[in-house]
Amino acid sequence: MSVGEWGRRVWYLLNRRRFEAATRAEMEAHREAMADPRRFGGVLRHREAAADVWGWRWLDEVGQDARFAWRTLRRAPGVPLVIVLTLALATGATTAIFGIVNGVLLRPLPFADPERLVQIYGRQWTSDRGVPDPVDGPVAAADIEAYARSRSLEAIAGYFVGTVHVAGAEGVERVPAANVDLGLFTLLGAPPLIGRTFQAGDAGDVAVISESLWRRRFAADPSLPGRVVTIDDRPRTIVGVMPEAFQFPYRAASIVASALPEGRTDAWLPLAPLRTGAGVRRGRVSVVARLAPGVTAASAAGELTALAKRRQAELTDPSARVDVRLAPLGEVVVGDVRRSLWLLFAAVSLVLIAACANVANLLLARMATRTREVVTRAALGAGRLRLIRQCLVESLILGLGGGVLGALVARWTIGVLVAAGGGWIPRTHEIALDWAAFAFLLAACVATAILFGLAPAWTAARVDVRVATGDAGGRATAGRGYARLRDTLVVVEVGLAFVLASGAVLVMREAARLAATPSGMPDARVLTLHLTPRATAPEYEAIARRVGALPGVQGAGLIQLVPLQNWGWRAEFSVKGRPTSDRMSTDLRFVTSGYFTAMGIPLRRGRDFLPTDVTGAPPVVIVNEALAQRYFHGEDPIGRELDRGTIVGVAADVRQVSLDQPAVPELYYPVSQNVATVSDVGMALMVRTAAPPATLTESIRAAVREVSPRLAIFNVRTLEQVRADSLWELHLYRWLIGLFAALALVLGAIGLYGVMAYHATSRRREFAVRLALGSAPVQVTRLVFWRGLRLSGVGLAAGLATSLAVAPLLRSVSAFLAADPATYTLVSAGLLGIAFAACAVPAWHAATVEPMDALRHD
Amino acid sequence: MPRVDGLPPGTLVMLILRVLAAQPRHGYAIAQAIAQLSADELSVEEGSLYPALQKLMLKGWVKASPAVSDTGRAVRSYRLTAAGRRQLETERANYDRVSTAIRAVMERA
């Protein structure tokens with residue numbers, strides 16, 4: 001068909017009214033001019049034949065269908081409204097979760113050839129429990145130099161994260177930063193927004209900043225590259241600005257994640273060349289590398305492992321071990337969130353399926369009440385295809401309506417979720433309700449519409465005119481297959497509700513259990529404040545003393561890693577008098593004297609750190625009960641000498657890693673003897689107060705400023721908040737899975753109610769006869785209840801079977817998601833209660849049928 | 001009264017194009033012209049005439065412009081376009097070839 005022809009077709013469509021009026025006029029003229037006008041035949045028929053030439057008849061019919069559907073929907077808006085809302089909630093939630101899955105898990109990292117990027121870990125092997133205990137950690141400088149010569153790697157770059165302080169007219173701002181090798185940007189293949197990135201030969205006094213810092217601090221000034229800005233009291237030339245989409249390293253790469261609550265990087269500085277040899281601080285850094293083209297991660301790992309073995313052989317210290325592990329950068333960035341997100345996506349998909357089943361069920365119920373109309377239309381000549389199309393158009397209107405509303409729901413939900421999980425879920429700045437997500441939403445809606453649109457259409461096409469208009473007086477149902485289909489849908493809904501509700505109950509029970517788990521520290525009225533950058537040991541001690549003396553303060557102390565907020569710092573130690581090859585592993589903590597008192601952690605034996613434990617004095621440490629238990633087996637550890645100091649005290653166990661893990665072995669250092677080991681990010685001040693903690697923030701700030709005005713205070717939270725934050729993932733899941741389960745339960749209840757109401761109505765006459773013949777109303781009630789509960793029972797059994805089948809998979813995600821008889825019993829009882837309630841109204845209607853009324857009605 | 005109802009199949013478009021090639025006409029005039037020129041041997045059914053005319057417009061072979069009929073009614077006056085002339089030649093050539101072939105078969109068989 002030619003272009004011109006299509007143009008004329010469209011022209012016809014646009015000028016149709018005028019054009020057809022002209023056709024009509026010329027036919028009238030023709031008819032009048034004829035000697036015998038009757039011979040002209042039907043003008044209407046000729047006009048239709050003429051109009052058909054232009055090929056738009058299908059559009060008219062769809063338009064008719066749409067208008068008809070719209071009228072039908074408006075006449076009884078209740079059920080359609082429920083359908084649209086159901087679809088909107090289900091597709092909206094699905095799209096939001098898919099948007100997150102897509103942005104976080106599916107979309108490749110925004111670097112060139114991201115699949116060739118790998119993270120390289122140096123592993124330290126410890127064998128204190130007889131089994132190797134590999135820990136992923138940073139890589140030593142000398143090892144990096146060895147790996148850089150590997151043929152498997154095209155480029156390799158080290159980095160470490162910290163904070164810098166940027167000076168400016170508005171005062172000093174603390175900015176999360178990364179010190180990176182000059183080749184990092186080239187390695188990642190990330191071009192700057194303006195200016196340039198680092199080049200080989202750059203001096204140490206250059207910097208690259210992020211787009212958001214550029215906009216915030218420098219008013220998006222395009223002439224910024226080349227300007228000198230004071231960073232960490234040192235003039236540095238800003239050479240370029242990175243676009244907002246660029247973030248490196250991602251949060252997962254930071255060992256002090258919560259000390260950098262922003263979860264992002266806003267400035268990049270050159271990493272000072274690493275010196276090799278013993279005793280060099282910062283000897284270990286995180287490492288990212290690009291595989292050479294065509295090299296797989298496995299073969300690269302093989303070559304690096306061989307290199308590591310050779311390095312090991314060169315070392316003289318028998319306890320030192322060199323090992324290496326490679327992981328695709330994409331996996332490292334996403335980390336543990338991957339399985340949780342897929343689990344959420346699975347849960348929300350179940351809701352979507354339940355919603356579809358419910359919508360199909362509601363449409364079938366509508367169809368039943370419209371049997372007579374459909375039959376009449378069929379009898380008047382509506383073709384089977386036309387009836388099917390009518391149903392499809394109606395469903396599409398509902399599906400698209402649900403889709404449009406769902407897009408709004410998704411937009412809102414994704415905003416809430418990103419705000420809630422922003423600090424913890426990686427790559428949230430890349431999450432958006434993008435076109436892929438929207439396409440997914442539309443596809444979901446249209447697929448749903450077709451899925452549930454076909455069920456009624458299929459029924460409509462099968463209606464037997466004779467049955468429907470015959471003896472039954474139009475009361476006929478559309479047959480048995482149809483009732484069975486609806487029963488099946490209800491069984492599916494109840495089953496899905498069971499699966500989701502059991503999941504929700506398990507998550508809620510776990511959340512409640514952890515919320516009630518004592519951490520070992522009384523956490524009421526404790527304020528935690530991060531101080532940055534690193535100060536001196538006397539400064540830390542002075543801050544603890546001064547804040548501890550404030551009115552309303554009961555105790556104050558500092559620790560490097562806040563319990564439940566930061567994770568530990570793995571290290572090894574050996575005990576004097578035992579073989580040196582017998583290395584034992586522990587977590588390290590750095591505290592000031594007064595920390596244990598402030599936190600309410602009792603010392604089981606020995607003494608606290610004293611002001612006399614300073615550099616030059618004999619090195620001392622305090623261990624926790626878990627370490628004493630595991631490595632001293634009931635012997636008194638007090639006075640035992642470790643390579644890290646003499647044990648002077650044993651502190652009670654506290655849950656520091658997370659509330660669901662018992663205490664690990666821990667070794668506390670007095671910061672006064674070890675301040676050099678404290679990270680650049682500084683330490684956290686813990687203050688136990690008599691008054692509500694928030695009222696003291698300002699006087700604490702003032703006290704810190706008196707000791708050292710150059711310290712910045714950030715991330716101020718109560719210990720109760722820290723504790724709640726540590727459960728964020730569980731809380732998020734509790735809310736989401738709880739919401740999904742509630743949706744599924746409501747859908748199941750609506751579905752069951754719909755089927756039972758229909759069931760009771762269609763047997764109205766039978767019930768009337770029973771009552772008239774002397775049945776007690778309670779017997780009729782029992783008939784309805786029995787059927788409803790039988791359906792729910794089958795649904796419960798299906799749900800239980802599904803839950804048991806997926807239990808092993810769920811347990812592999814989280815141990816507490818394992819199958820649990822108590823939960824299943826609870827959920828079954830709850831569901832049966834809901835089923836009972838859903839049957840109650842139809843049962844009552846059945847029992848109160850007026851026999852004469854019902855019989856006369858037909 | 002025409003003695004034969006209708007037209008040989010496949011000739012309607014060609015006949016319409018041919019009578020319009022002489023001069024622009026409106027619908028009734030086209031039917032009249034075909035009847036008169038064929039001495040009432042051929043007649044166009046009204047039910048086929050108008051769909052055919054719309055098809056010619058769709059194909060771009062004729063153009064319609066408003067006109068007034070002899071009886072004073074508003075009608076369309078159809079005239080041939082350049083594409084319509086080309087189409088007429090094609091159809092005429094095809095018709096000639098086919099009718100020659102038919103005659104050959106009828107006479108020699």
Side-chain angles (χ1 to χ4, degrees), chain A residues 1-64 380-383 385-386, chain B residues 1-6 12-13 16 19-20 24-36 40 42-79 81-84 86-87 90:
Chain A
M1 209 174 284
S2 72
V3 179
E5 208 173 314
W6 269 110
R8 282 187 286 274
R9 274 180 210 271
V10 173
W11 175 86
Y12 166 84
L13 192 63
L14 298 178
N15 299 280
R16 191 166 176 183
R17 196 177 292 254
R18 219 155 34 93
F19 192 87
E20 289 192 353
T23 309
R24 182 182 188 155
E26 70 176 341
M27 284 188 189
E28 284 298 334
H30 189 140
R31 209 168 69 92
E32 275 175 25
M34 286 171 73
D36 180 6
R38 276 172 307 172
R39 282 181 48 89
F40 189 82
V43 177
L44 187 63
R45 205 162 51 91
H46 295 342
R47 269 165 53 201
E48 277 181 359
D52 277 349
V53 169
W54 299 90
W56 290 114
R57 187 207 265 259
W58 61 271
L59 190 66
D60 294 346
E61 288 182 358
V62 169
Q64 277 170 22
L380 289 177
L385 277 177
R386 192 75 202 272
Chain B
M1 286 296 266
R3 280 178 293 152
V4 181
D5 268 353
L12 175 61
V13 167
I16 295 177
V19 297
L20 289 180
R25 296 175 205 260
H26 50 80
Y28 178 66
I30 294 172
Q32 287 295 98
I34 291 176
Q36 283 167 12
D40 281 346
L42 303 173
S43 80
V44 184
E45 265 185 67
E46 292 76 14
S48 342
L49 174 64
Y50 286 95
L53 282 170
Q54 308 243 341
K55 185 181 160 200
L56 297 187
M57 281 194 275
L58 174 65
K59 292 282 184 194
W61 295 334
V62 305
K63 266 200 178 328
S65 48
V68 177
S69 74
D70 305 339
T71 51
R73 302 282 304 235
V75 292
R76 283 191 182 112
S77 172
Y78 300 91
R79 75 186 151 72
T81 62
R86 281 195 300 276
Q87 181 64 21
T90 314

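When all heavy atoms are compared, the tightest approach of A:Val53 to B:Pro51 is CG2-O, 3.5 Å. Heavy-atom minimum distance, A:Ala29 versus B:Arg73: CB-CB, 3.7 Å.
Only the side chain of B:Leu49 comes within less than 4.5 Å of a heavy atom in chain A; its backbone stays farther off. Proximity to chain A (any heavy atom under 4.5 Å) is shown, for B:Ala67, by neither the backbone nor the side chain.
Here the NE2-CD distance, from A:His30 to B:Glu46, works out to 4.5 Å after rounding to the nearest 0.5 Å.
Legend: side-chain hydrogen bond (donor to acceptor under 3.5 Å, both in side chains) pairs involving residues 42-53 of chain A, not counting sequence neighbours, sorted by first then second residue: A:Asp52-A:Arg57.
The one candidate from A:Arg31, A:Met34, A:Glu32 that meets the side-chain contact (heavy atoms from CB on, under 4.5 Å) condition with B:Tyr28 is A:Met34.
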Check against side-chain contact (heavy atoms from CB on, under 4.5 Å), B:Tyr50 and A:Glu26: CA-CA 9 Å; B:Tyr50 286 95; A:Glu26 70 176 341; 3.4 Å; yes
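For A:Arg9 (side chain) and B:Leu58 (main-chain N/O), no donor-acceptor pair under 3.5 Å exists by modelled atom type.
Scanning residues 12-24 of chain A against chain B with a 4.5 Å heavy-atom cutoff picks out A:Phe19, A:Ala22, A:Thr23, ordered by number.
When the candidates A:Ala25, A:Ala33, A:Ala49 are compared by the number of heavy-atom contacts under 4.5 Å with chain B, A:Ala33 comes out ahead.
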